[in-house]
Amino acid sequence: MRRRRGLRGVDQPVCGAGAGVSEVLVASGWGERKDEFQRALLSWFWRARRDLPWRGVGDPYATWVSEIMLQQTQVITVIDYFQRWMARFPDVQSLAAADEEEVLEQWSGLGYYRRARFLHRAAKVVVDEHGGAIPSTLEGLRRLPGVGPYTAGAIASIAFGLPAPIVDGNVIRVFARLFAIAGDPRSTANQKIFWELAEALVDRNKPGDFNEALMELGARVCAPRSPACLLCPVREYCAGFASGEPEALPEVARRSAVKPMRALTVVVHRRGTSGRDMLVGPREAGGLLAGMLEFPTVEREGTRWPELDEVASLLGMPIVAEEVGEVTHIFSHRRLQTRMYAAEIDAPVTVAEERWRWVPELELGQAAISALTRKIYERWKTSEPV
DNA sequence: AACCCGGGGTA
DNA sequence: TACCCAGGGTT
């Protein structure tokens, strides 16, 4: 391991496996400074916070929706989705009453579609078993599908004013720097420390604001790279700032650069003369992008594209199609290489498999499709003769 | 407690 | 390409 000058937590970790949070706070000289820290952070937050559409709404449902959308997804991406969602499903009853496909339509493009299904299922639970009232305790929230330790704490503190701790990626980074917490932040021992710190530090009077402030600080000041320490309201408490190398923490493990390849052959069918219909169907349950609508596709692991006649037999009909290009789509854990064909179908046509159906091209943008299918569609469109 | 899962955006 | 993103579920 590379050594870093002056960073206690790295060469001789103050914190790490075995140390409890009280030792951490005492070793950092924090015992009596907690109140000052809270005030400094909160007054910064009240001055500098962003005006986000889910803030200050005073509706636990809105808080819940925003927290689910924000899981592993950046604020800037969520804003528009949140507003459209709240317009279409303004309360838990309307969400519970919706079809899953409508729910996925609203989620289309956000990714991690399992979140939408959990949220939908949980809405039914809230309506059926809680009379439409979102649970107001940590334990009650935790029982809802899709609500883990972070989300339960966020809803409890933000929507219900309970002094619940939260730990997300931002909090991990902020705490790792504030207290010079060395080692893999995901390790069990360090996770325990992060949660205990969050519990110990959360402002009992303004828990929601405090938690949001911690995350806002992580997102806008205590950034992963090039943290803006000179703008930081709590830099005088920060071991990372004192060390001169705040970026050295947290110690993130490098992920493998090798992404498994998957080869897809997709045939974009358009049905013809009266209106323009596109043939789509849901992806198989359980796999990648499960249930999301796609164009007829055959895919497999590796780099060899399935042949066109495999797609033809999948559809149970002969395909006359011309190749129109390739699309590469990269997930964080996988690479998809797509070879694309275009087929014009003269009605009437019978599609053997029931899972395929025609949808008007104009409705495709609103359908429950993934960003991958959206990308394929866009590429297909630009290859069309006008 | 370890492990798996998984979409998208960006520097 | 690497890394990050207001994580959760399963075993």
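Convention: sequence-line order gives letters A, B, ...; per-chain numbering from 1. Keep in mind it's a predicted model, so treat the numbers as computed, not measured.
- As judged by a 4.0 angstrom heavy-atom cut-off over every strand, A:V171 is placed among residues making no nucleic acid contact.
- In this structure, A:R186 reaches neither bases nor backbone, as no heavy-atom distance under 4.0 Å exists between it and the strands shown.
- With A:F45 as the aromatic partner, A:R49 meets the cation-pi criteria of under 6.0 angstrom to the ring centre and within 45 degrees of the ring axis.
- For DNA chain C, the outermost nucleotides in 5' to 3' order that have an atom under 4.0 Å from a heavy atom of chain A are C:dT1 to C:dG9.
- Going from the C1' atom of B:dG6 to that of C:dC4 covers 14 Å, rounded to whole Å.
- Position along DNA chain C of the nearest nucleotide to A:I158 versus A:A257 favours A:A257 as the more 5'-ward residue.
- Ring orientation note: the planes of A:W30 and A:Y237 are tilted relative to one another, at an angle of 30° to 60°.
- Side chain of A:T77 to backbone of A:T73: no donor-acceptor contact under 3.5 angstrom is found.
- Put simply, the side chain of A:R335 never gets that close to the backbone of A:K259: no donor and acceptor are under 3.5 Å apart.
- If you find the closest nucleotide of DNA chain C to A:G169 and to A:R335, the one lying nearer the 5' end belongs to A:R335.
- For A:E102, the salt bridge (Lys or Arg N to Asp or Glu O under 4.0 Å) criterion is met by A:R88, not counting sequence neighbours.
- Among the atoms of the strands shown, base atoms are found under 4.0 Å from some heavy atom of A:R55.
- For the pair A:R84 and A:Y81, the distance from NZ or CZ to the six-membered ring centre is under 6.0 Å and the angle to the ring normal is within 45 degrees.
- Under a 3.5 Å cut-off, the side chain of A:S243 and the backbone N or O of A:E245 do form a donor-acceptor pair.
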Please assess A:F82 against A:W85 for the test ring pair (Phe, Tyr, Trp, His ring centres under 6.0 Å), listing each intermediate value before the final yes or no.
-> CA-CA 5 Å; A:F82 175 81; A:W85 184 280; 9.3 Å; no
Could you run through nucleotides 3-11 of chain B and give me one letter per nucleotide, 5' to 3': B if any protein heavy atom sits under 4.0 Å from the base, S if only the sugar-phosphate is that close, - if neither?
-> ---BBB---
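- When the C1' atom is compared between B:dC5 and C:dC5, the two are found 16 Å apart, to the nearest whole Å.
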